[in-house]
**Student:** 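One structure, as structure tokens, below. Some questions next.
Read the numbers this way: they start at 1 and go in the same order the structure lists the ligands and their atoms. Just so we're clear, the structure is a prediction, and the values are computed from it rather than from any experiment.
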Amino acid sequence: MKVIVVKDYDAVSKEAFAVMKEVVTNKKDAVLGLATGSSPIGLYKNMIQDHKDNGTSYAQCQSFNLDEYVGIDRNHPESYWTFMHENLFKGIDLPEDKIHVPYGSTKEDCEGYEKAMENVSVDVQVLGIGGNGHIGFNEPGTPFTEETHIVELTEKTRSDNARFFDNDINQVPTHAITMGIATIMKAKKILLVASGANKADAVAAMVNGPVDPACPASVLQNHADVVVVVDEAAAAKLAK
Ligand code: F6R
């Protein structure tokens, strides 16, 4: 695990972008694993700016997102489908038919998403980390062997995400469809970004703690190519 500590969110975004740019420069048809949430927004802004300024093209790429809420329409303003279009896809040239965001609530929907990924290998998987150590929506206790599956969201994750739903936890969906940890671990490279003091415990558990489902992100210690980019506040509890 390579851990890069930088000053603040802007620096995290720039550093993460440098990793992403290297991947897409070296492989025109790179497969991008993407995440939603506040953490990668700055990375996506850098990708959009660079596409505009330098013409970096995603025309031959394809993308697979980590997760999506269950029970809200794709066009809902807070769906992850909408989030990705607003924060990245509308600003780059990734073709619409190369975009994959999981959707649905059944076992067949989960198997269908795995099938779509069957013949591809994700070149770089972008991840954020939950305050409880989750990656994707794999909450603490999720077996590392899980592939795409439906999860019930914890109270903590729902309250963390209530800020996107008028600060009303009752509007936050109770379930989500998510790539499993086994799915995530298949990516060739993992790029995890985190910032802010509220991530400090999770980041320390991921990097310095035991590899244990109690902190799902700790599984990344077993992956051969992980870059963790954190700001000083998120790095505050890392072992020196
Ligand atoms: C998003 C996702 C989540 C987030 C995590 C951190 O697709 O899978 O695991 O990465 O909840 O969210 P933020 O970045 O909003 O703090």
**Student:** Pull out every atom of ligand 1 sitting under 4.0 Å from any heavy atom of Gly37, numbered as shown with elements.
**Tutor:**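 Numbered from 1, ligand 1 contributes 14 (O), 15 (O).
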
**Student:** Determine whether the side chains of Gln171 and Asp166 contain a donor N or O and an acceptor N or O closer than 3.5 Å.
**Tutor:**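 There is such a pair (donor and acceptor under 3.5 Å, judged by atom type) between the side chains of Gln171 and Asp166.
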
**Student:** Which heavy atom of the protein is the closest neighbour of atom 16 (O) of ligand 1, given with residue, atom name and distance?
**Tutor:**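 Scanning the protein heavy atoms, the shortest distance from atom 16 (O) of ligand 1 goes to Lys199 NZ, 2.6 Å.
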
**Student:** I'd like to know if the side chain of Tyr44 reaches the main chain of Glu86, judged simply by a donor and an acceptor atom lying under 3.5 Å from each other, with no hydrogens or angles considered.
**Tutor:**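 A pair under 3.5 Å: no.
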
**Student:** Which is closest to atom 13 (P) of ligand 1 in terms of heavy atoms, Ser38, Ser195, Gly136, Gly131?
**Tutor:**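 Comparing heavy atoms across Ser38, Ser195, Gly136, Gly131, the nearest one to atom 13 (P) of ligand 1 lies in Ser38.
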
**Student:** Could you find the nearest protein heavy atom to atom 11 (O) of ligand 1 and give me its residue, atom name and distance?
**Tutor:**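 It is His134 NE2, 2.7 Å.
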
**Student:** With no hydrogens and no angle check, do the side chains of Glu152 and Thr174 hold a donor and an acceptor under 3.5 Å apart?
**Tutor:**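 There is no such pair (donor and acceptor under 3.5 Å, judged by atom type) between the side chains of Glu152 and Thr174.
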
**Student:** Judged by atom type as modelled, is there a donor-acceptor pair below 3.5 Å linking the side chain of Asp93 to the main-chain atoms of Ser57?
**Tutor:**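 Flag not set: sc Asp93 to bb Ser57 has no pair under 3.5 Å.
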
**Student:** Side chain, backbone, both or neither: which applies to Asp67 and ligand 1 if a contact is any heavy-atom pair less than 4.0 Å apart?
**Tutor:**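 Looking at Asp67 and ligand 1, just side chain atoms fall under 4.0 Å.
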
**Student:** Relative to each other, are the rings of His76 and Phe165 parallel, tilted or perpendicular (30° and 60° limits)?
**Tutor:**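 Plane angle between 30° and 60°, so tilted.
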
**Student:** For atom 6 (C) of ligand 1, which of Val126, Asn65, Ile129, Leu66 has the closest heavy atom?
**Tutor:**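 Ranked by closest heavy atom to atom 6 (C) of ligand 1, first place is Ile129.
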
**Student:** Distance to 0.1 Å, residue and atom name: give those for the protein heavy atom nearest to atom 14 (O) of ligand 1.
**Tutor:**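 Among all protein heavy atoms, the one nearest atom 14 (O) of ligand 1 is Ser39 OG, 2.5 Å.
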
**Student:** Which protein non-hydrogen atom lies closest to atom 1 (C) of ligand 1, naming both residue and atom, and how far is it?
**Tutor:**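 The answer is Thr36 OG1, 3.1 Å.
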
**Student:** Going through the checks in order, is the side chain to side chain contact (heavy atoms under 4.5 Å, CB included) test met by Gln62 and Leu32?
**Tutor:** CA-CA 6 Å; Gln62 50 180 325; Leu32 311 180; over 6 Å; no

**Student:** Does the side chain of Asp109 come under 3.5 Å of the side chain of Thr106 through a donor N or O and an acceptor N or O?
**Tutor:**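 Their side chains do contain a donor-acceptor pair, which is all the 3.5 Å distance test asks for.
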
**Student:** At what distance is the nearest protein heavy atom to atom 10 (O) of ligand 1, and which residue and atom is it?
**Tutor:**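 The answer is Gly128 CA, 3.3 Å.
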
**Student:** Work out whether the distance between some heavy atom of Arg163 and some atom of ligand 1 is less than 4.0 Å.
**Tutor:**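 So Arg163 counts as touching ligand 1.
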
